[in-house]
Amino acid sequence: MASRISTSFTLIPNQKYRRSNRQANSFSNILDPDSQPSSTLGNFKVLPLEIFQIILKYLSVKDISLLSMVSKTVSHQIINYISTSSGSKRLLQQNFHILELPGRGQDPNILEHYKFLGLLFKRCTLLLPTKERLKYIHKILADVSCFKFSGCAAPMECLGLECYGIFLQTLTAGWDDLECHRVFNFLCELTNLSRKMQTAVCSKPGSARKLELRIRLFCRNVLLDHWTHRSDTAFWLTRILKPWPMVNQARLLYIIFGPASSQDVVPREWLLENNARLLILSGNNICFTFMASKAVNGRAIELARLIVFLALVCEKELYCMDWVVKIMQKVCKVFSTPGERSNFLQNVANAFACLIMEMLQTVMSGDHDEDDRSFLNLFHLVHAQANFHKEVLYLTMNSLCA
């Protein structure tokens, strides 16, 4: 009994010593395979390194990524294989331009290859800090010219950036927002993306077409297009737009998502009702900023028509009409003189009258749709005018009684 108790107490300090020693050297062990016990290689310990790398040649990228999770030593041996010329040549496939084959829009094989390659790097670098992971991955991928911002001479016929995007999407899947933000900052520093965007948005439209195209392809193919959840896409799009003022954000959105060339179909100008609907959904700050800009620039007639359509949308969607009156009251304060405010309010009244007459003429001419939308629009507009003026009267009477 006594000997057993003594044995148990002599083991405890040894266990604590081994644990603390492991924690102190965990980072160095990742990079130093000699510090790992040879037994962690399992049955591979009897094989020379050259034979181990030959075996890797017969495994798929997916299988290699599974093998990398066996132990840290095996993972490091795989990292060594990736760094060799033969391993790099095999894993970093660069047949990005084979697009002239009949019926081929993209190569699913190479896209899938880089998806699993991203998984392999994710597992091999699992124990490294985010900054070190990104530095190591950049070092390995640096020789792939088509992964660079301006590295490809024929970007429209190249799958390089798309493969890079799938690689990064797989690598960063499951990372928290802080780590993903570090990835974005790393890419911006690597490509000087912010400076290039500044040049594009400060230039006259179309004067820097090649640069605009490069920005579009990089943002779409690398950062935005591969996510299955909108929240992920929104995160990366927010990172792109957040540093810029609203006017530059609009320009960047057009560069990234607008037509890529004159041969593309350019959408027709939106109806004012659709513009009003978008402004309402954008929130009070954006809506007021947009309307105040028109007021400052003396575009009172356009602003008055917009007020009418805001009222129409609120009537159709059963939104509170007092919101339109309140935002109109707020916009009135932007005008510098009482005369300008009076002229604007007269334009609002005229806009209601003119639009009602236009819709009434359409209804009376018999030129309306099969579902009779013209009459329905007139019905909603008349009710919108009545409710709008009712809220104006409420506001006026309340201010008089206050």
For this session: Show your reasoning for whether salt bridge (Lys or Arg N to Asp or Glu O under 4.0 Å) applies to Arg277 and Glu317.
Result: CA-CA 10 Å; Arg277 197 178 301 273; Glu317 302 299 332; 2.6 Å; yes
For this session: Would you sort out whether Asp225 and Thr233 count as a side chain to side chain contact (heavy atoms under 4.5 Å, CB included), showing the intermediate values?
Result: CA-CA 7 Å; Asp225 283 356; Thr233 305; over 6 Å; no
Problem set entry | Phe184 six-ring centre to Arg182 NZ/CZ under 6.0 Å and within 45° of normal |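 Arg182 over Phe184 ring: no.
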Problem set entry | cation_pi(Lys115, Phe167) dist<6.0 Å, angle<=45 | no
Exercise. With sequence neighbours left out, what residues match Lys316 under side chain to side chain donor-acceptor pair (under 3.5 Å)?
Worked result: Glu273, Asn377
Ring-ring centroid check [X] [Y], cutoff 6.0 Å:
X	Y	value
His181	Phe235	no
Tyr114	Tyr164	no
Phe96	Phe147	yes

Rounded to the nearest 0.5 Å, what separation is found between the [atom1] atom of [X] and the [atom2] atom of [Y]?
X	Y	atom1	atom2	answer
Asp232	His229	CG	NE2	6.5 Å
Leu279	Phe288	CG	CZ	13.0 Å
Leu120	Met69	CG	CE	10.5 Å
Glu340	Cys332	CD	SG	11.0 Å
Leu355	Leu312	CG	CG	7.5 Å
Gln346	Arg341	CD	CZ	16.0 Å

So [Y] and [X], do their side chains get closer than 4.5 Å, heavy atoms only?
X	Y	answer
Phe186	Thr130	no
Pro155	Leu161	no
Ile307	Phe388	yes
Leu271	Asn275	no
Leu168	Leu187	yes
Val324	Val313	no
Ile327	Met291	yes
Ile280	Cys287	no

Can you check whether [Y]'s main-chain N or O pairs, donor with acceptor, with [X]'s side chain at less than 3.5 Å?
X	Y	answer
Ser399	Leu395	yes
Arg90	Ile82	no
Thr125	Phe121	yes
Ser68	Ser65	yes
Asn297	Arg299	no
Asn398	Tyr394	yes
Ser88	Thr84	no
Lys57	Ser86	no
Glu315	His380	no
Asn248	Trp244	no

Taking all atoms of both residues into account, what is the closest heavy-atom pair of [X] and [Y], and its distance?
X	Y	answer
Leu56	Ile78	CD1-CG1, 4.3 Å
Met197	Ile240	CE-CG2, 3.5 Å
Cys152	His97	SG-NE2, 3.0 Å
Lys122	Thr172	NZ-C, 4.1 Å
Trp236	Cys180	CH2-O, 3.5 Å
Ala304	Val348	CB-N, 3.5 Å

Exercise. Would you call Arg251-Glu212 a salt bridge at under 4.0 Å N-O?
Worked result: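 Salt bridge flag = yes for Glu212 with Arg251.
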Exercise. Is the closest basic N to carboxylate O distance between Glu162 and Arg220 below 4.0 Å?
Worked result: no
Problem set entry | side chain to side chain contact (heavy atoms under 4.5 Å, CB included) assessment of Leu378 paired with Ser374 | CA-CA 6 Å; Leu378 177 60; Ser374 298; over 6 Å; no
For this session: Would you check, one step at a time, whether the test side chain to side chain contact (heavy atoms under 4.5 Å, CB included) holds for Thr191 with Lys148?
Result: CA-CA 7 Å; Thr191 60; Lys148 299 176 181 178; over 6 Å; no
Problem set entry | CA sep, side-chain torsions, deciding dist, call: Asn192, Phe149, side chain to side chain contact (heavy atoms under 4.5 Å, CB included) | CA-CA 9 Å; Asn192 204 10; Phe149 183 89; over 6 Å; no
Problem set entry | Within 6.0 Å of NZ in Lys294, more than 12 heavy atoms from elsewhere | yes
